[in-house]
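Atoms within each ligand, like the ligands themselves, are counted from 1 in listed order. Side chains included, hydrogens not; waters and symmetry mates left out as well; all remaining heavy atoms used. Keep in mind the model is a prediction, meaning the values are calculated, not measured.
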Amino acid sequence: MSDVCLPEVSDPAEAGGSAAGSAAWLRARPARAGTRTFDRADTHTDSVCVDALGRPLQDLRLSVIDQCNFRCTYCMPKEVFTKDYRFLSAAERLSFDELATLAGAFVKLGVEKIRLTGGEPLLRKDLERLVERLAGLTTRRGRPLELALTTNGSLLAAKARGLKAAGLQRVTVSLDGLDDDVFRRMNGVDFPVSRVLEGIEAACAAGLAPVKVNTVVERGVNEHQIVPLAQHFRHSGVTLRFIEFMDVGGAASWTQHNVFTSADARRAVEQVFPLVAREQQQRSDTAQVYRYADGAGEVGFISSVSHPFCGDCTRARVAADGKLYLCLFATDSFDLRRLVKSGCSADDLAGEIRAVWARRGDRYSELREETRARPGNKVYPTVRMSLVGG
Ligand code: SAM
C-alpha cells in the first residue's frame with residue numbers, strides 16, 4: 001500500500017511485522033474452509049470493485065469524530081483517555097464537504113450502505129447537514145443509498161427527529177446493560193440507562209427503523225444482563241444483538257477469558273425464550289439472527305471472536321482523520337485525506353480506492369484467531385476503535 005502510516009498500537013514492535021507478514025502469508029494460501037467467496041451473482045457489473053479474495057466493496061463505515069462522551073471500559077477506558085488525551089482537532093478531521101466527496105467516490109465503486117460512526121457521531125456539530133448530503137446519493141444500481149448511524153444513544157432523544165428529517169434511515173444504539181449500576185460503571189461516566197432508553201424510544205417514534213441495540217458482553221462484567229435485555233426488547237420491534245468482546249482498540253485490557261461467546265449468550269436467552277434460527281439475509285451480515293419462537297421479535301449474535309467472518313466482509317472504514325482501513329484489525333492505512341485536500345475529483349478518488357481495494361487480501365480476524373491460539377501471543381497492534389469507528 002502506498003502512503004502507509006501506522007496508527008497507535010498496543011505494541012509498536014509488532015506493527016511492522018505481523019501485518020505485513022500475515023498479508024504475504026495470506027496471498028500464498030487459499031481461503032480456508034468456512035471462508036466463503038463471492039460469485040458473479042454478488043457482483044452486478046463487470047467493473048465492480050472486488051478485492052484479491054473476490055469480496056466486493058459494498059459497505060462503508062465513515063467515522064466523523066474520534067471523541068466520545070462515554071468512557072466505556074472496553075473501548076475508551078478513562079485511565080487511557082484522560083482529559084489530557086490529544087484527540088483530533090477540528091482542522092485534522094475531514095470537513096463535511098470532504099466527507100461527502102469521499103462518500104460519492106465510494107458509491108461510484110458500488111457501496112450501497114454507509115454507516116456513520118465515531119467516537120460518538122452525535123457529538124459532531126450539525127451532523128444533520130452531512131446526513132442531508134449523503135441521503136441524496138444514489139447507488140450504482142439506481143437505488144437510494146442505505147444510510148445508518150451507530151450511537152451510544154446519549155443525545156438521541158433530542159436528535160432523532162431531526163436526523164430522520166435529514167434523511168437518516170436507521171440507527172444502532174449501543175447499550176451494555178439494563179441495570180443502572182452496571183450501565184453507569186461500564187460507560188465510565190456514570191451516565192444513567194434511562195436516558196439511553198429514552199433515546200431508543202425516540203428513534204422508534206421517529207421511524208429510524210429497524211432500530212438495533214448492540215450489547216458487548218464481557219465475562220464477569222455484564223453477562224447477567226443478557227436475559228433482562230432480551231426480556232426488555234421482546235415485542236418492541238427493536239432487534240437486540242449481542243457482540244463478543246473483541247481485542248480491538250489498543251486501550252482495553254482484553255483476554256480470551258473475558259470473551260463471553262455468542263454460543264453461551266444464545267444458550268442463556270434460549271433457556272428462557274425458545275429461539276428459531278432465521279435465514280441469513282445478506283452474506284455480509286455480521287449477526288446470526290434468531291426469531292423468538294413465540295413471535296416476540298428477533299435477537300442476533302455477533303461472533304467476531306469465536307467465528308470470525310472475514311470471507312464475507314465487504315466493508316471499508318474511513319477514520320475521522322481520513323485514513324482508509326480495510327479491516328478493524330488492520331494496522332496500516334491509506335491516506336485519503338491528503339488526496340481529498342489536494343482537490344482530487346470523486347472519479348480520481350474512486351480510482352485510487354479501487355486500486356487499494358483490489359490489493360486487499362486480509363482476513364485478520366481469522367489469522368488472529370490462529371495466532372491467539374499460540375502460547376504467549378496476547379498483544380496485537382490495533383487501531384483505536386474510537387478513531388476508526390465500530
Ligand atoms: N459511540 C458509538 C457507539 O457507542 O455506538 C459508535 C462508536 S463505538 C466504537 C461502536 C461500537 O463498537 C459500539 O457498539 C461498541 O460497543 C463497539 N465496541 C467498542 N469496543 C469494543 C470491543 N472491545 N469489543 C466489541 N465491541 C466493541
For ligand 1, does [X] get within less than 4.0 Å through its side chain, its backbone, both, or neither, judged by non-hydrogen atoms?
X	answer
Thr117	side chain
Thr151	backbone
Val216	side chain

Do [X] and [Y] have side-chain N/O donor and acceptor atoms under 3.5 Å apart?
X	Y	result
Glu98	Thr101	no
Ser154	Asn69	yes
Arg115	Thr150	yes
Asn214	Arg241	yes

Per atom 6 (C) of ligand 1, closest listed option by heavy atom (Gly119, Cys75, Ser174):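 When every heavy atom of Gly119, Cys75, Ser174 is considered, Gly119 comes closest to atom 6 (C) of ligand 1.
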Do ligand 1 and [X] have nitrogen or oxygen atoms that lie under 3.5 Å from each other?
X	value
Asp176	no
Ile243	no
Tyr74	yes

Looking at ligand 1, does Glu244 have a heavy atom less than 4.0 Å from it?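 It does; at least one heavy atom falls under 4.0 Å.
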Strictly under 4.0 Å, does any heavy atom of Gly153 approach an atom of ligand 1?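 It does not, in that no heavy atom of Gly153 comes within the 4.0 Å cut-off of ligand 1.
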Mark yes when over 12 heavy atoms from residues, nucleotides or ligands other than Lys341 sit less than 6.0 Å from its NZ; otherwise mark no.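 Count over threshold, so yes.
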What residues form a ring pair (Phe, Tyr, Trp, His ring centres under 6.0 Å) with Phe70, not counting sequence neighbours?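 Once residues adjacent in sequence are excluded, the partners of Phe70 under the ring pair (Phe, Tyr, Trp, His ring centres under 6.0 Å) criterion are Phe191.
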Going by the rule side chain to side chain donor-acceptor pair (under 3.5 Å), which residues pair with Glu298 if we only count those two or more places apart in sequence or in a different chain?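 Glu298: side chain to side chain donor-acceptor pair (under 3.5 Å) contacts with Arg278.
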